Novice: 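Structure in C-alpha cells, see below.
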Number of protein chains: 2
Amino acid sequence: MTPRNEHGPDSGPPARRDRQMTERRLIEATIQLIRERGFDAVGINAIADTAGVSKVLIYRYFGDFSGLLRAVADEIGVLGSNLAAGSIASASADSTPGQVIAETTHILRSMVKDNELIRNVLIWELSQDNELTKTLAESREHIGLEQTRQFTRLLEEHRPGESLDTEALFALLTAGVFYLSLRAEHCPVFNGVDLQSDEGWNRIAGVVKDLLDRVPEPEPNEDKP
Amino acid sequence: MTPRNEHGPDSGPPARRDRQMTERRLIEATIQLIRERGFDAVGINAIADTAGVSKVLIYRYFGDFSGLLRAVADEIGVLGSNLAAGSIASASADSTPGQVIAETTHILRSMVKDNELIRNVLIWELSQDNELTKTLAESREHIGLEQTRQFTRLLEEHRPGESLDTEALFALLTAGVFYLSLRAEHCPVFNGVDLQSDEGWNRIAGVVKDLLDRVPEPEPNEDKP
DNA sequence: CCAAATTATCACCGGGTGGTTACATTCAAT
DNA sequence: ATTGAATGTAACCACCCGGTGATAATTTGG
C-alpha cells in the first residue's frame, strides 16, 4: 500500500505540491463534470473529488465557487471560439444564400449533437445566470454576430438590392436549432419532425433554404450542381 | 389557539381527513413550486411543506414521487391545451400567410413570457425526461400539430400550388421562439436582437413574414394596413 | 540543519435531501 | 361500543451540500 492516499476516482499522477497544476486540475475537473454529468452535478465536493484534491483548495485558489466558475468560463469560451472559427470557414463557397443557410443549419446541429459539453452549457444558460453563463453568453454573442455578418455580405453579393434582417434571421435560426437539438436528446419527434434522423434535419434545413431561395427577382437563374 | 397544528406556511383550511382534498393540495403545491421556484426546487419535502401536509402521504397516495409527477403532468397538460386552444382561434382571419405566421410568433412569445409555469416546464423538458416531461411532450406535440394543420390549410387557400414543409417550418419557428423567450429572462440580447423589447420581437416576426410573403407568383398583391 | 512559508488534507459544522418506520388520531361498519 | 381500516404525524436514517478551522506534509531560504 502506498503511503500517499489516492481517494480520487481518476486522479492520474498525484501532482505533488504544484499550485498551477492543481488549479488546472480543478478547472478541467469542472469541465469534465459539466460534460459528463450535467450542470446540477457541479458542486464543490464533486469537483474536488473528481480532481483528486481537497475542496479547501478551491477556496484558497479561486476565492469562492464563483471564482472557479469564472476561470472555467474563460476556458470554455476559447474552446467555443475555436470550434466556431472552424465551422464558419467551411461554409463560404459561392453557393445560393439558401444553400449556405441550409448548410449552416446542419453545421450548427452537428456542433450541438456531437458536443456534450455544449449541450449541457446551453441548458445551463437557460436555467440560471451565474459567472459562467454570463461570460459564455458574451462569447457566443460575438461568434454569432461574426457568422451573421459573413452571411450578410454573401447575401449582398447575390442580391444587391435585398434588404433582409439577417441578424433576426440568424437569431431565430440558431435558437431553433439549439432548442431542437437539445430536445432531440430526450424526445425524438417535435411537431412531426424526427429530430434524431438526418431526414428530419434535412426537412428543417430544407424549409429554410426554400424560403430563402425563392426571391421575386427577374432572374430565373437556378443552376443546381 | 386551535388544537390542530398548522405548521405549513400557507395551508388554508386544515382539511381534516379528506383524501381527495389532500391529493389536490399535493398536486397544486407541486404546480405552485414549479411555477414559483423552478424545477430544481421540486422535491418531496418542499412539496409536502408547501401543501401543509406530511410527506408520507405522497408515498401513500401516489406510490412514489413519479406517481405524483404523473398526476401533476395530467393537470398541466389540460391547462396547456386550454391555453393553446384560445390562442389558435384568434389567428385565422383571411390574412397573408406571412401575416398569420408573424402573429403566431407574437402569440407564442407572449404565451411563454407571461406564464412562469410554462417557462419552467420548457426548461425542465430540456434537461431531463421523467414522467412529467414525457406526458407534457405528448400534449405539446398534439397542440403544435393542430396549429400546423390549420396553417397548412390557410397556405393552401392562398397559394394552391405551393408545396412547403409546414411541419418543419413550425417546428423551427416554435423552437426558436421558445429558446429566445427562455433566454430573454437572463440575457437581454441574442445575436444583436433585443429580446426584452417589442421592437426586437417585431424584427423576429418580421423576418419570418418577409420570407413567407415574397413568393414568385404573378400576384404583386400587397395590401398593408 | 533548522525554521518559515507554502501547499494540501482531515474532521467537522449546520442544514437540506429522499425515503422509511413507528406511532397517533379519526371515522365507519358491525 | 368495539374493532379495524383509513388518515395523518413525528422521529429517524443515510447521504449530500457548501463552508471552515486545525493540522500535517513539503518546499524553500537562511
Side-chain angles (χ1 to χ4, degrees), chain A residues 1-9 11-27 29-30 33-34 37-72 128 130-132, chain B residues 1-9 11-27 29-30 33-34 37-72 128 130-132:
Chain A
M1 183 145 347
T2 61
R4 182 107 24 248
N5 61 348
E6 193 89 10
H7 63 338
S11 298
R16 37 187 282 277
R17 306 277 157 174
D18 186 342
R19 170 166 181 166
Q20 284 195 356
M21 191 60 193
T22 303
E23 291 182 356
R24 287 245 98 253
R25 278 170 157 255
L26 285 170
I27 291 176
T30 309
L33 269 178
I34 297 176
R37 294 178 47 201
F39 56 91
D40 55 337
V42 174
I44 294 284
N45 298 288
I47 291 173
D49 203 48
T50 303
V53 137
S54 171
K55 62 179 175 181
V56 186
L57 303 183
I58 293 176
Y59 298 100
R60 241 204 271 288
Y61 293 157
F62 300 96
D64 57 353
F65 195 49
S66 289
L68 174 57
L69 286 189
R70 230 171 295 136
V72 170
Q128 54 180 298
N130 48 33
E131 299 293 336
L132 193 146
Chain B
M1 181 93 55
T2 61
R4 183 106 26 245
N5 61 348
E6 192 89 10
H7 65 338
S11 299
R16 39 185 281 279
R17 304 277 156 177
D18 185 344
R19 170 165 179 165
Q20 285 194 356
M21 191 60 193
T22 304
E23 291 182 356
R24 287 245 96 257
R25 279 171 157 255
L26 285 170
I27 292 176
T30 309
L33 270 178
I34 297 176
R37 293 177 49 200
F39 56 91
D40 56 336
V42 174
I44 294 286
N45 298 288
I47 291 174
D49 203 49
T50 303
V53 139
S54 171
K55 61 180 174 179
V56 185
L57 304 183
I58 293 176
Y59 297 99
R60 250 212 272 281
Y61 294 157
F62 299 96
D64 57 355
F65 194 51
S66 290
L68 173 57
L69 287 189
R70 227 171 296 136
V72 170
Q128 54 181 297
N130 49 33
E131 299 292 337
L132 193 146

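Quick caveat, the model's predicted, so the values are computed rather than measured. Proteins get letters first, then strands, A, B, ... in listed order; numbering begins at 1 in each.
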Novice: Would you mind telling me which of C:dT21, C:dT9, D:dT7 lies closest to the side-chain atoms of B:V56?
Specialist: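 The listed nucleotide nearest to B:V56's side chain is C:dT21.
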
Novice: On a heavy-atom basis, which atom in B:F62 and which in B:A71 lie closest, and how many Å separate them?
Specialist: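 Reported closest heavy-atom pair: CE2-CB, 3.8 Å.
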
Novice: B:Q20 has an atom CD; how far is it from atom C1' of D:dA6, in whole Å?
Specialist: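 Checked: the CD to C1' distance equals 14 Å.
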
Novice: Output yes when at least one side-chain N/O atom of B:T22 is less than 4.0 Å from OP1 or OP2 of D:dT7, else no.
Specialist: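 No.
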
Novice: Do A:R70 side-chain atoms and A:E131 backbone N/O form a donor-acceptor pair below 3.5 Å?
Specialist: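 Between the backbone of A:E131 and the side chain of A:R70 there is no qualifying donor-acceptor contact (under 3.5 Å).
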
Novice: Can you find a heavy atom in the side chain of B:I44 that is under 4.5 Å from one in the side chain of B:L68?
Specialist: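 Side-chain contact under 4.5 Å: no.
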
Novice: With a cut-off of 6.0 Å (strictly less than), are more than 12 heavy atoms of other residues, nucleotides or ligands near CZ of A:R19?
Specialist: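 Yes - once you tally the heavy atoms of other residues, nucleotides and ligands closer than 6.0 Å, there are more than 12.
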
Novice: Can you measure B:D49 atom CG to C:dG16 atom C1' for me and round it to whole angstrom units?
Specialist: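 Interatomic distance, CG of B:D49 to C1' of C:dG16: 12 Å.
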
Novice: Between the protein and nucleotides 15-18 of chain D, list every N/O to N/O distance that falls short of 3.5 Å.
Specialist:
from, atom 1, to, atom 2, distance (Å)
D:dG18, OP1, A:I44, N, 3.3
D:dG18, OP2, A:I44, N, 2.9
D:dG18, OP2, A:N45, N, 3.2
D:dG18, OP2, A:N45, ND2, 2.9
D:dG18, N7, A:N45, ND2, 3.3

Novice: Round to a whole Å and report the spacing from CD1 of B:I47 to P of C:dG19.
Specialist: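 Between P of C:dG19 and CD1 of B:I47: 11 Å.
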
Novice: Return the set of residues passing side-chain contact (heavy atoms from CB on, under 4.5 Å) with B:D40 (not counting sequence neighbours), or none when no residue passes.
Specialist: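 For B:D40 there are no side-chain contact (heavy atoms from CB on, under 4.5 Å) partners, ignoring immediate neighbours.
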
Novice: What's the CD1-P distance between A:I58 and C:dA8, to the nearest Å?
Specialist: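 Computing the A:I58:CD1 to C:dA8:P distance gives 13 Å.
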
Novice: Is there a donor and acceptor pair, one atom on the side chain of A:R60 and one on the base of C:dA8, closer than 3.5 Å?
Specialist: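 For A:R60, whose side chain was compared with the base of C:dA8, there is a donor-acceptor pair (under 3.5 Å).
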
Novice: Calculate the interatomic distance between A:L68 atom CG and D:dG19 atom P; express it in whole Å.
Specialist: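 Distance check: A:L68 CG to D:dG19 P gives 11 Å.
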
Novice: Whole-Å distance between C:dG18 P and B:F62 CZ?
Specialist: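 Distance check: B:F62 CZ to C:dG18 P gives 16 Å.
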
Novice: To the nearest 0.5 Å, tell me how far A:Y61 OH sits from A:L26 CG.
Specialist: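 Rounded to the nearest 0.5 Å, the OH-CG separation comes to 8.5 Å.
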
Novice: Out of curiosity, A:T30 OG1 to A:R25 CZ, how far, rounded to the nearest 0.5 Å?
Specialist: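 So the OG1 of A:T30 and the CZ of A:R25 are separated by 13.0 Å.
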
Novice: Whole Å only: how far is the CG atom of B:L57 from the C1' atom of D:dA10?
Specialist: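 It is 12 Å, rounded to the nearest whole Å.
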
Novice: Rounded to the nearest angstrom, tell me the gap between atom CG in A:D18 and atom P in C:dA8.
Specialist: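 Rounding to the nearest Å, CG of A:D18 and P of C:dA8 are 7 Å apart.
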
